[in-house]
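Only a predicted model underlies this, so the values are computations on that prediction, with no experimental measurement involved.
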Amino acid sequence: MAGAGLRATARRLLLCRGHSGPRAASSSPSCPGCGPPGPGAHCPSTPRSAPADGADLSAHLWARYQDMRRLVHDLLPPEVCSLLNPAAIYANNEISLSDVEVYGFDYDYTLAQYADALHPEIFNAARDILIEHYKYPEGIRKYDYDPSFAIRGLHYDIQKSLLMKIDAFHYVQLGTAYRGLKPVPDDEVIDLYGGTQHIPLYQMSGFYGKGPSIKQFMDIFSLPEMALLSCVVDYFLGHGLEFDQVHLYKDVTDAIRDVHVKGLMYQWIEQDMEKYILRGDETFAVLSRLVAHGKQLFLITNSPFSFVDKGMRHMVGPDWRQLFDVVIVQADKPNFFTDRRKPFRKLDEKGSLHWDRITRLEKGKIYRQGNLFDFLRLTEWRGPRVLYFGDHLYSDLADLMLRHGWRTGAIIPELEREIRIINTEQYMHSLTWQQALTGLLERMQTYQDAESRQVLATWMKERQELRCITKALFNAQFGSIFRTFHNPTYFSRRLVRFSDLYMASLSCLLNYRVDFTFYPRRTPLQHEAPLWMDQLCTGCMKTPFLGDMAHIR
């Protein structure tokens, strides 16, 4: 239905523009290929004639504005909404599953999806560690975890105590910089970085998103970490307490680490798997289906065997290891992919280490640590016939794609919620009108008299308000994890670079045959853009100023 609706929209638009079929281009100076409207009629997509000298330019601009409003309203059928399927798999690169013989998986947030109820537990435990072991002020205990505060993929400037969202071109999205729980004014952000929004990340942060000055929070476990970091900074600033930004950052990250190292998180999950583990039956269905079709499976995780074993027994059953050809725990990713020095060690059922040299990786056995180079040598699983799934773009996927040519699949649980928002009528209308208004601003900027500039300033203000509304649909502070106002986020840039496929959960595989081929949509570059909404609505496919520039050709 949605596809039919869009096709009908396109037909209506082409008819409105006078395109009943192939035809010679019109000699009209307004828009190549568009015939004049019929007597007494005005097609809103056909540009009105420019006013004569001395005419009311303001009225002319507002007439164009109203034409566009009507066109956007008429050309956006209700069935345009709900176009995207939250359970779909999205491709950055063409990949045929028929070529994939070996499937690999991370465990946490890949095979095992966790409920959001885990985050306040991590936050509270780390907060209490700060107070009781690091002797932080008791007043910090008043803070509770706010699940609506942060999003994944944000950057934190350690020296400036600044949590912010950065786009694919290393620019801070203004309005998304926070110190503690309070937004930092745009002017102050620009002053902090020497009069620019641009952040030289290559100087401040390493390949894996960590550096002496800036860290990128890339995994889902980092959500309570960002929240705690912001709460502690907020307390110190609110009480006028001096502090060293580096010490505070390290103490908070160490407290979060202690929650994992001490096994607290593992204990919570093991005590109530029904509460914390989601979609276990779907994980079992995915694994069973792949094995039934003759695929080989392996698991590489940083989690300990006892924890993984209990979770897999809950989701799959006591014989879960029979589904996997190789099981590797406590792998120490991403070092597993780059450090050749650590050998594999075999574990017994009780978790005790064996000392014998590993010359082959056997089905049903458990191995600890090791490295990818020995893994490749012992299994001979190389190149694009291997597809590995993980949730962390750096620790799970980057090295595998860039260094070893494996195919990769990113698990992005936030995708499901974001698509549901994109499918809403409010988002669709807001974004479409915002794009159309942007096109008007671009084309009408040729009018530079005082009245016209006032109109353009009004439109610019409306455009900014629309951008803020659209941003707040996803998250009031930081917006979507995939977009700044118009550019992809830095997170999106890494997602496209390091993953062939991405999806909300592993269960999305159940919607496709095991020989399905994923084709990425041809996303147009700016110079090859087809009929964009702003071009359609302004009715002019030619570049402004070309006529004025004829003398310099």
## Note on the structure
ring-ring contact (aromatic ring centres under 6.0 Å, His included) test vs F474 passes for just one of F485, Y427, F482, namely Y427

### Query
Any luck finding a side-chain donor-acceptor pair between T484 and Q173 under 3.5 Å?
no

### Query
Do you see a donor-acceptor pair shorter than 3.5 Å between the side chains of D234 and Y143?
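Their side chains do contain a donor-acceptor pair, which is all the 3.5 Å distance test asks for.
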
Side chain to side chain donor-acceptor pair (under 3.5 Å) partners of [X], counting only residues at least two apart:
X    : value
R513 : D515
T301 : none
K365 : none

### Query
How close do A331 and I300 get, heavy atom to heavy atom, and via which atoms?
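In terms of heavy atoms, the two residues are closest at CB-CG2, 3.6 Å.
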
### Query
What are the two closest heavy atoms between R407 and N93, and how far apart are they?
NH2-ND2, 3.3 Å

Residues two or more places apart in sequence or in another chain: which of them pass ring-ring contact (aromatic ring centres under 6.0 Å, His included) with [X]?
X    : value
W381 : F298, F375
Y266 : F307
H239 : Y235

Please list, chain by chain and in numerical order, all residues satisfying salt bridge (Lys or Arg N to Asp or Glu O under 4.0 Å) with [X], sequence neighbours excluded.
X    : result
D391 : none
E418 : none
K275 : none
R152 : E414

### Query
Would you call the rings of H392 and Y394 parallel, tilted or perpendicular if under 30° counts as parallel and over 60° as perpendicular?
tilted

Under 3.5 Å, side-chain donor or acceptor atoms of residues 111-124 against the rest of the protein: list the pairs with distances, not counting sequence neighbours.
| from | atom 1 | to | atom 2 | distance (Å) |
| --- | --- | --- | --- | --- |
| Y114 | OH | D108 | OD1 | 2.5 |
| H119 | NE2 | Y109 | OH | 3.2 |
| E121 | OE2 | Y276 | OH | 3.4 |
| N124 | OD1 | R127 | NH1 | 3.3 |
| N124 | ND2 | P120 | O | 3.1 |

### Query
Are Q197 and Y171 side-chain neighbours, meaning at least one heavy-atom pair lies under 4.5 Å?
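Yes, side chains in contact.
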
#### Entry: Nearest-0.5 Å distance, OH of residue Y145 to CG of residue L223
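Output value for this atom pair is 4.5 Å.
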
### Gap separating the OH atom of Y136 from the CG atom of D128, nearest 0.5 angstrom
14.5 Å

### Message
Under the criterion side chain to side chain contact (heavy atoms under 4.5 Å, CB included), I'd like the reasoning laid out for M312 against R321: C-alpha separation, chi angles, the key distance, then a yes or no.
### Response
CA-CA 9 Å; M312 291 300 292; R321 277 187 285 155; over 6 Å; no

### Task
Can you sort out the partners of F373 under side chain to side chain contact (heavy atoms under 4.5 Å, CB included), two or more places apart, ordered by chain and number?
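In terms of side chain to side chain contact (heavy atoms under 4.5 Å, CB included), with neighbours along the sequence ignored, F373 is linked to R340, N371, H404.
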
#### Entry: Y90/F518 under ring pair (Phe, Tyr, Trp, His ring centres under 6.0 Å): CA gap, chis, key distance, verdict
CA-CA 8 Å; Y90 297 91; F518 293 94; 9.6 Å; no

### Query
What do the steps show when you test D106 against F389 for side chain to side chain contact (heavy atoms under 4.5 Å, CB included), and what is the final call?
CA-CA 6 Å; D106 181 33; F389 293 92; over 6 Å; no

